[in-house]
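The analysis underlying the following values was restricted to heavy atoms, covering all of them including side chains, and did not include hydrogens, waters or symmetry mates.
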Amino acid sequence: MCGIIGLFNFQDKLTMRSEALKMAQKIRHRGPDWSGSYSDDHCILMHERLAIVDVEHGAQPLYDVDTKRVLAVNGEIYNHKCLSRKLEKKHNWQTQSDCEVILYLYDELGPDFLDDLDGIFSFCLYDPMEKDFFIARDHIGIIPLYIGWDKNNVTYVSSELKSIESYCEKLQ
């Protein structure tokens, strides 16, 4: 069990980074092995990691060095080896994580790749070049993922409701 936090479309990076750290503290128990983060002027991703696959090199967020996309995942992709063999482009793999394949599937197939995933997962994938994000969870919702918006239309995503509910006027 890992935990993720995502904040998108905000104005004040410094304030939001401070708040994201508080949110991550509320889910720290989900990932005692590693805490990782990514931020730019439009996105903050936080990851609390429980190391199961690629214990030594699977720290997140994960990065696609070619497209610059960033990924934070909670879960496990059971068919990642099979999916990686089906990729047509050459990709610059950074880890042996079962989740890194999501970056490259998205690169080659766009959102339609979700139909090919066998696993339990929730994730936030951010494209800093396009200032766009893609959020998804497994088909049944085994891995929790909560999304909300504040009065300024900032988007909040979290593995646990308690970390974002006090910030959001609307929650799903």
Student: Do any N or O atoms from the side chain of Tyr156 and from the backbone of Ile5 form a donor-acceptor pair under 3.5 angstrom?
Tutor: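 No; zero donor-acceptor contacts below 3.5 Å.
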
Student: Got a sec, which residues hit salt bridge (charged side-chain N to carboxylate O under 4.0 Å, His left out) with Lys162, two or more places apart in sequence or on another chain?
Tutor: Glu160

Student: In Å, rounded to the nearest 0.5 Å, how long is the span from CD1 of Ile120 to CG of Asp138?
Tutor: 7.0 Å

Student: Mind checking what makes side-chain hydrogen bond (donor to acceptor under 3.5 Å, both in side chains) contact with Asp12, not counting sequence neighbours?
Tutor: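 Listed in chain order: Thr15.
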
Student: Starting from Ile140, can I reach Ile143 by hopping between I/L/V/M/F/W/Y residues whose side chains sit under 4.5 Å apart?
Tutor: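 Linked, Ile143 and Ile140 end up in one cluster.
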
Student: Is Tyr78 close to Asp98 at the side-chain level, that is, under 4.5 Å between some pair of heavy atoms?
Tutor: no

Student: Could you tell me the separation between the OG atom of Ser39 and the CG atom of Leu14, rounded to the nearest 0.5 Å?
Tutor: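 The CG atom of Leu14 is 10.0 Å from OG of Ser39, to the nearest 0.5 Å.
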
Student: Which heavy atom in Cys124 sits nearest to a heavy atom in Ile135, and how many Å separate them?
Tutor: SG-CG1, 4.2 Å

Student: Would you compute the distance between atom CG of Leu62 and atom OG of Ser97 and round it to the nearest 0.5 angstrom?
Tutor: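 If we round to the nearest 0.5 Å, Leu62:CG and Ser97:OG are 5.0 Å apart.
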
Student: Does the side chain of Phe133 come within less than 4.5 Å of Asn9's, by heavy atoms?
Tutor: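 In contact.
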
Student: NE2 of His42 to CD of Gln11: how many Å apart, nearest 0.5 Å?
Tutor: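 The distance works out to 8.5 Å.
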
Student: Output side-chain donor-acceptor pairs under 3.5 Å for residues 164-172, partner residues at least two apart or in another chain, one line each.
Tutor:
from: Tyr167; atom 1: OH; to: Glu19; atom 2: OE1; distance (Å): 2.5

Student: Could you give the distance from CG (Asp64) to CG (Leu71), rounded to the nearest 0.5 Å?
Tutor: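 One finds 10.0 Å between CG of Asp64 and CG of Leu71.
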
Student: Is the backbone of Gly3 close enough, under 3.5 Å, to the side chain of Asn74 for a donor and an acceptor to pair up by distance?
Tutor: no

Student: Check side chain to side chain contact (heavy atoms under 4.5 Å, CB included) between Leu109 and all other residues, then give those that pass, not counting sequence neighbours.
Tutor: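 Once residues adjacent in sequence are excluded, the partners of Leu109 under the side chain to side chain contact (heavy atoms under 4.5 Å, CB included) criterion are Leu105, Phe113, Asp116.
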
Student: What distance separates Arg137 CZ from Ile147 CD1, expressed to the nearest 0.5 Å?
Tutor: 10.5 Å

Student: Which residues satisfy the side chain to side chain contact (heavy atoms under 4.5 Å, CB included) test with Asn152, sequence neighbours excluded?
Tutor: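 By the side chain to side chain contact (heavy atoms under 4.5 Å, CB included) rule, Asn152 matches Asp150, Val154.
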
Student: Minimum heavy-atom separation for Gly6 to Leu45, with atom names?
Tutor: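 Gly6 and Leu45 have their closest heavy atoms at CA-CD2, 4.0 Å.
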
Student: Can you check whether Leu103 reaches His91 side chain to side chain, under 4.5 Å on heavy atoms?
Tutor: no

Student: Is Ser84 close to His80 at the side-chain level, that is, under 4.5 Å between some pair of heavy atoms?
Tutor: no

Student: For residues 125-132, run the donor-acceptor check on the side chains, cut-off 3.5 Å, and write out each pair with its distance to 0.1 Å, sequence neighbours left out.
Tutor:
from: Tyr126; atom 1: OH; to: Asp40; atom 2: OD1; distance (Å): 3.3
from: Tyr126; atom 1: OH; to: Asp40; atom 2: OD2; distance (Å): 2.8
from: Asp127; atom 1: OD1; to: Met129; atom 2: N; distance (Å): 2.9
from: Asp127; atom 1: OD1; to: Glu130; atom 2: N; distance (Å): 3.2
from: Asp127; atom 1: OD2; to: Arg69; atom 2: NE; distance (Å): 3.3
from: Lys131; atom 1: NZ; to: Pro128; atom 2: O; distance (Å): 2.7

Student: Any side-chain heavy atom of Phe134 within less than 4.5 Å of one from Leu114?
Tutor: yes

Student: What pair of heavy atoms forms the shortest contact from Leu21 to Met46, and how long is it?
Tutor: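 So the two residues come closest at CD2-CE, 3.2 Å.
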
Student: Within the side chain of Asn79, is there an N or O that forms a donor-acceptor pair under 3.5 Å with the backbone of Asp118?
Tutor: yes

Student: Would you mind reporting whether Leu145 and Val157 have side-chain heavy atoms less than 4.5 Å apart?
Tutor: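 Yes, their side chains come closer than 4.5 Å.
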
Student: Taking all non-hydrogen atoms of both residues into account, name the closest pair between Ser37 and Pro61 and its distance.
Tutor: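 That closest heavy-atom pairing would be N-CD, 3.6 Å.
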
Student: Report, as yes or no, whether the 6.0 Å neighbourhood of atom NZ on Lys89 holds more than 12 heavy atoms from other residues, nucleotides or ligands.
Tutor: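 Buried by this count: over 12 neighbours within 6.0 Å.
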
Student: Count I, L, V, M, F, W, Y as connected when their side-chain heavy atoms are under 4.5 Å apart, and connections chain through other members. Are Ile102 and Leu87 then in the same cluster?
Tutor: yes

Student: Do the side chains of Phe121 and Cys99 get nearer than 4.5 Å, heavy atoms only?
Tutor: no

Student: Looking at His139 and Leu117, what are the two nearest heavy atoms and their distance?
Tutor: CE1-O, 4.3 Å

Student: Closest heavy-atom contact between Cys43 and Phe8?
Tutor: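 Between these two residues, the closest heavy atoms are SG-CE2, 3.5 Å.
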
Student: Using modelled atom types and a 3.5 Å cut-off, is there a donor and acceptor pairing between side-chain atoms of Glu88 and backbone atoms of Glu108?
Tutor: no

Student: Answer yes or no: is there a donor N or O on one side and an acceptor on the other, between the side chain of Glu100 and the main chain of Thr95, under 3.5 Å?
Tutor: yes

Student: In the structure I gave you, are the side-chain heavy atoms of Val101 and Trp93 within less than 4.5 Å of one another anywhere?
Tutor: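 Val101 vs Trp93: side chains touch.
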
